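Remarks on the structure that follows.
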Amino acid sequence: CLLSILTHTFQLEYTLTNAGAAIVTQLSSLGCTVLTCSRNKDDLADRLFEWNDQHGLDVHGIVADVSTPEGREILVKEAEKKFGTKLDIL
């Protein structure tokens, strides 16, 4: 049931393509706190503005390339910093 995810925290490792952005939008619209990433700083900034400032959603984002070990490490550290041990779905 979708209602069971309302209090959950998500880290979305997906590109900010239309599909990835749709997933972030859907989860955050349901009340989830979402951490996402992009390799492109400008695209990420535009999306974060749209989600947070225009729609009032709770989306966090960082610039990271998760296809590299360094990028994954950056993302994990940010998730730990933001959510501690309260990460429900990766």
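Just so it is clear, the structure is predicted and the values come from calculations on it, not from any experiment. Index from 1, following the sequence.
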Can you tell me how far [atom2] of [Y] sits from [atom1] of [X], rounded to the nearest 0.5 angstrom?
| X | Y | atom1 | atom2 | result |
| --- | --- | --- | --- | --- |
| Arg47 | Asp42 | CZ | CG | 13.5 Å |
| Ser38 | Asp43 | OG | CG | 5.5 Å |
| Trp51 | Asp46 | CH2 | CG | 10.5 Å |
| Leu35 | Leu75 | CG | CG | 5.5 Å |

With sequence neighbours left out, the residues meeting side-chain hydrogen bond (donor to acceptor under 3.5 Å, both in side chains) with Lys77 are Glu73
What one should report as the nearest heavy-atom pair of Phe83 and Val34 is CZ-C, 4.5 Å
Determine all donor-acceptor pairs shorter than 3.5 Å in which one atom belongs to a side chain in residues 56-66; sequence neighbours excluded.
unit_1, atom_1, unit_2, atom_2, d
Asp58, OD1, His60, NE2, 3.1
Asp58, OD2, Thr33, OG1, 2.8
Asp65, OD1, Ser67, N, 3.0
Asp65, OD1, Ser67, OG, 2.6
Asp65, OD2, Ser67, OG, 3.3

